[in-house]
Amino acid sequence: MAGPIDARLVRRGRATRFFLVALAVVGAVQAGAIVAQAQLLADAISHVFATHDLNGMRGWTLGLAGVFLLRAALGWLHQTLAHHASAAVKAGLRRDLAAARLSRPLDASVSSSTLVTLATQGLDALDGYYSKYLPQLVLAVVVPLVVGVMVLRQDTASAVIIAVTLPLIPVFMALIGWTTEQQVERRWKVQTRLANHFADLVAGLATLQVFGRARGQLEGLRITEGRNRDETMRTLRISFLSSFALELLATLSVALVAVTVGFRVVFAQMDLRTALFVLILAPEAYLPVRQVGTHYHDAADGMAAADQALGIIEASRMDSAGRSGADDQGSGVPETAPPGRASRSVLPSPGQVTLEGIRLTWPGAPAPVLDDVDLTIAPGEVVALQGPSGGGKSTLLAVLMGFLAPDSGRVLHAGADTAEDPEAWRAGLAWVGQQPGMPEATIAANIEMGCPGASRERLREVLDLAGGAELDLDRPVGDEAEGLSAGELRRVATARALLRIRHGGAHLLVMDEPTAGLDAAAEAAVIDAVRASGAGAVIVSHRPAVLAGADRVVTIGGVR
């Protein structure tokens with residue numbers, strides 16, 4: 001977790017920088033209002049005691065009313081600025097978090113449920129950071145300084161007591177903050193584990209129900225929920241105890257000032273007006289610092305979430321920078337590239353695709369999952385990849401599409417390195433995955449994603465080619481492809497890829513188990529459609545019919 005102010009939040013957004021400057025200005029005005037309030041109260045009360053006359057109170061009353069209104073307006077301005085800054089920063093973090101995920105869609109270090117929790121409930125907790133913690137932090141710097149100077153002008157002894165006792169509060173706050181930080185991190189991990197557990201259960205509920213194991217997961221969910229409840233209660237316990245400790249320390253410090261001032265008034269060593277002024281200002285010196293510790297707990301969850309979000313965003317940027325550096329230094333491309341190669345915005349189509357010396361090792365793995373893999377796909381050639389589960393077939397497809405950067409080696413298209421312009425490279429690909437994505441819409445709308453604006457005749461044509469002649473284009477598809485069987489899902493996804501090949505400008509078809517769940521007739525229709533498309537194709541499959549229909553079969557993760 002970062003320090004009192006996360007420098008990364010300040011560097012990343014103008015909203016935070018403007019907010020801090022505005023807080024400093026508002027804090028200075030508020031400190032002035034506090035001093036004016038103390039001066040008016042001290043003058044009014046001492047005047048009444050000295051003259052026993054209430055006739056002159058009108059001016060002081062109006063002055064106090066003006067000060068109260070000013071402080072109320074400053075409080076409203078604080079909240080308004082805080083909510084605007086918080087909304088801007090949260091929107092920026094969520095946008096960058098989504099971009100980081102899209103740039104590393106195969107990153108297994110952060111699950112989808114963790115991202116959902118982080119981008120919603122986690123970042124929402126930044127409201128406490130901006131609306132309570134940061135404003136109080138600025139006041140804790142400005143107000144004690146102004147109050148201390150004003151007390152010093154009136155009474156040196158009281159100013160010395162405040163100067164000696166005031167630093168004790170930040171010391172205790174630091175000790176409490178370290179404990180809180182560790183506890184919040186533990187709570188966040190447990191909360192994330194609960195979110196992941198629940199998301200996995202929801203995703204696999206149908207399968208668990210079929211095999212009669214749904215109720216068996218209930219106890220595990222109760223245990224995880226219980227741990228989350230325990231960690232939350234520990235966090236609240238620390239919050240309450242720390243507030244008590246800080247309140248006690250501030251109260252004793254103010255009491256020390258009050259006792260010394262009281263004795264000097266009794267022995268006529270200080271006049272009543274000065275004593276009242278010091279006694280009214282003394283608590284105001286401790287209050288902002290004390291409340292920083294209280295509001296730290298309001299901001300802790302948001303700071304933990306922002307820390308994790310910034311870690312994901314920065315890891316994505318470092319990965320992109322490292323990949324660019326690797327391409328510049330280790331790709332084997334000369335510094336002076338042939339004319340038009342490095343600056344080419346759209347890669348040629350079609351052309352031979354070459355995977356050259358691809359090597360990739362997962363973090364922490366004892367051996368590479370891909371070890372010096374070479375593969376070529378000629379235009380119009382159908383290449384099937386086979387091999388044992390976990391042998392690296394899907395990983396090789398991810399490298400081919402540019403979603404994973406290999407440790408060494410490169411992917412070439414018509415002699416050009418695809419890493420030079422990965423977006424242009426992926427624009428020429430059509431993809432059918434093991435679990436094709438289907439937004440909530442009709443079958444027609446899902447197929448049309450392959451070539452937006454395609455006519456219904458073309459949609460019908462590619463769906464028939466994919467073996468889906470019996471499927472109605474207007475049939476609704478629910479969220480997560482609800483309403484489609486596994487075979488129907490793959491036929492719609494294949495139709496979408498064929499539309500992209502035939503009318504969307506794609507030149508390479510990449511498929512991962514596209515015929516799983518299909519009967520023999522539908523499988524044959526898909527194979528024929530792939531061959532008839534005229535595009536190069538790379539297909540991962542274990543099905544004998546697919547392997548038999550390929551021009552070439554390559555084994556990955558086994559003896560080649």
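Listed by chain and residue number, nothing satisfies the salt bridge (charged side-chain N to carboxylate O under 4.0 Å, His left out) test with Arg58 (two or more places apart in sequence, or in another chain). Residues that satisfy the salt bridge (charged side-chain N to carboxylate O under 4.0 Å, His left out) test with Arg229, not counting sequence neighbours, are Glu225. Taking the side chain to side chain contact (heavy atoms under 4.5 Å, CB included) definition, one finds that Val21 meets it with nothing, sequence neighbours left out. In this view, Glu440 satisfies the salt bridge (charged side-chain N to carboxylate O under 4.0 Å, His left out) rule with no residue, not counting sequence neighbours. Take Ala88 and apply the side chain to side chain contact (heavy atoms under 4.5 Å, CB included) test, not counting sequence neighbours, and it matches Ala15. Qualifying side-chain hydrogen bond (donor to acceptor under 3.5 Å, both in side chains) partners for Asp407, counting only residues two or more places apart in sequence or in other chains: none. Here Ala427 pairs with nothing under the side chain to side chain contact (heavy atoms under 4.5 Å, CB included) rule; sequence neighbours left out. Leu152 is linked by a side chain to side chain contact (heavy atoms under 4.5 Å, CB included) to Thr156, Ala159, counting only residues two or more places apart in sequence or in another chain.
Each salt bridge (charged side-chain N to carboxylate O under 4.0 Å, His left out) pair with one or both residues in residues 144-155, not counting sequence neighbours, appears once here: Asp155-Arg264. Residue pairs meeting the salt bridge (charged side-chain N to carboxylate O under 4.0 Å, His left out) criterion with at least one member in residues 37-46, sequence neighbours excluded: Asp43-Arg273.
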When you look at Val138 and Phe19, which way does the side-chain contact (heavy atoms from CB on, under 4.5 Å) test go after all the steps? CA-CA 11 Å; Val138 174; Phe19 182 55; over 6 Å; no
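Within the 4.5 Å cutoff, the side chain of Val89 has no heavy atoms near those of the Tyr129 side chain. Ile313 is listed as a side-chain neighbour of Leu93, based on a closest heavy-atom distance under 4.5 Å.
Open room surrounds NE2 on His84; 12 or fewer heavy atoms of other groups in view lie less than 6.0 Å from it.
Although no hydrogens or angles enter the test, the distance criterion places a donor-acceptor pair under 3.5 Å between the side chain of Asp271 and the main chain of Thr274. Checking side-chain atoms of Arg426 against main-chain N and O of Gly402 turns up a donor-acceptor pair under 3.5 Å.
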Exercise answer: donor-acceptor pairs, residues 165-175 side-chain atoms, under 3.5 Å, sequence neighbours excluded:
unit_1 : atom_1 : unit_2 : atom_2 : d
Thr165 : OG1    : Ile161 : O      : 2.8
Thr165 : OG1    : Tyr286 : OH     : 2.4

Taking distance alone, no hydrogens or angles, what donor-acceptor pairs closer than 3.5 Å link side-chain atoms of residues 65-83 to residues at least two apart or in another chain?
unit_1 : atom_1 : unit_2 : atom_2 : d
Arg71  : NH1    : Gln37  : OE1    : 2.9
Gln79  : NE2    : Ser131 : O      : 3.3
Thr80  : OG1    : Trp76  : O      : 3.0

